[in-house]
Amino acid sequence: MTGNSASPSGSPGDRAASVRDFYDRLAPDCHLICPDRDAGMARQATALSALPGPGPGVRRVAGPEI
């Protein structure tokens, strides 16, 4: 199979480099995809803050305290 594949082959390092390369090539045109990054992050924060927190027995192992 050629082109993009649902299950990439190669080592995890190869796949990570491929993902990095993809985003490195995308970066110069990112403003065309999301012209107002700050507004987009604010919308995402509002949507995520409306979600319920973790259920009983779930504990945070890393990250800021909320």
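Quick caveat: nothing in here was measured; it's all calculated off a predicted structure. Just so you know, these numbers use all the heavy atoms, side chains as well, and skip hydrogens, waters and symmetry mates.
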query = What residues form a side chain to side chain contact (heavy atoms under 4.5 Å, CB included) with D38, not counting sequence neighbours?
reply = D36, M41

With A45 via side chain to side chain contact (heavy atoms under 4.5 Å, CB included) - residues at least two apart = none

request  = Could you work out the complete set of other residues in the hydrophobic cluster of L48, with links drawn between I, L, V, M, F, W and Y side chains under 4.5 Å apart?
outcome  = L51

ask   = Just how far is it from atom CZ of R15 to atom CZ of R20, taken to the nearest 0.5 Å?
value = 12.5 Å

query = Linking I/L/V/M/F/W/Y whenever any side-chain heavy atoms sit under 4.5 Å apart, do V19 and I33 land together?
reply = yes

task = Please answer whether the main-chain N or O of D14 pairs with a side-chain N or O of S18 as donor and acceptor at a distance below 3.5 Å.
result = no

ask   = Are any of the side-chain heavy atoms of Y23 and L26 separated by less than 4.5 Å?
value = yes

